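All values below were derived from every heavy atom in this structure, side-chain atoms included, with hydrogens, water molecules and symmetry-related copies excluded. Not measured: the values here are computed from a predicted model.
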Amino acid sequence: MQTAIALGPMISTLVLPFLSSLLLALVSWAAALIGARFHLTVSAAFQAMVDKAIADGIAYAQTKLSTVSVSEPAAVAEVVTYVTALVPTALTWLGVTPDSLAKMVVAKLPS
């Protein structure tokens, strides 16, 4: 005598919740991976924008202030003002404060 085993209730109570949890975990993992990759790409692009703006700001300060040495505080302040006006979104995204921007400017000044 053969007894038929009904697999329907077992599938609906055990397998389907497990598969849905597994699928949710995979989708969450993929979303986190994509989000991290996007953030790195945006951060790198913003960093390049800030670096370019600092270089342009130094050239602007040299022209405007007619100084050979741009290391004077007035020139550094001029570059910080220039960069802040040029790329405010990038500075905000990267969390760059005016003090840290001034340090970045001093570090990129020609010797």
Exercise. Once you round to the nearest 0.5 Å, how far does CD1 of I54 lie from CE of M104?
Worked result: 4.0 Å
Exercise. With ILVMFWY side chains joined below 4.5 Å, transitively, what does L24's cluster contain besides itself?
Worked result: none
Seminar exercise, completed: Rounded to the nearest 0.5 Å, the CG atom of D51 sits from the CZ atom of F46 at a distance of 13.5 Å
Problem set entry | Shortest non-hydrogen contact between A75 and A61, atoms and distance | O-CB, 4.1 Å
For this session: Tell me, please, which residues at least two apart from K52 pass salt bridge (Lys or Arg N to Asp or Glu O under 4.0 Å).
Result: D56
For this session: Sequence neighbours left out, what passes side chain to side chain donor-acceptor pair (under 3.5 Å) with T97? Give chain and number order.
Result: S100
For this session: Just grab all the salt bridge (charged side-chain N to carboxylate O under 4.0 Å, His left out) pairs involving residues 89-104, residues at least two apart or on different chains.
Result: none
Could you list the donor-acceptor pairs under 3.5 angstrom formed by side chains in residues 76-86, with sequence neighbours left out?
| unit_1 | atom_1 | unit_2 | atom_2 | d |
| --- | --- | --- | --- | --- |
| E78 | OE2 | K64 | NZ | 3.2 |
| T81 | OG1 | A77 | O | 2.9 |
| T84 | OG1 | V80 | O | 2.7 |

Problem set entry | Heavy-atom check, side chain of L91 versus side chain of L101, under 4.5 Å | yes
For this session: Supply the atom-to-atom distance T89 OG1 to L94 CG, rounded to the nearest 0.5 angstrom.
Result: 10.5 Å
Problem set entry | Pairs involving residues 17-34, ordered by first then second residue, that meet salt bridge (charged side-chain N to carboxylate O under 4.0 Å, His left out) (sequence neighbours left out) | none
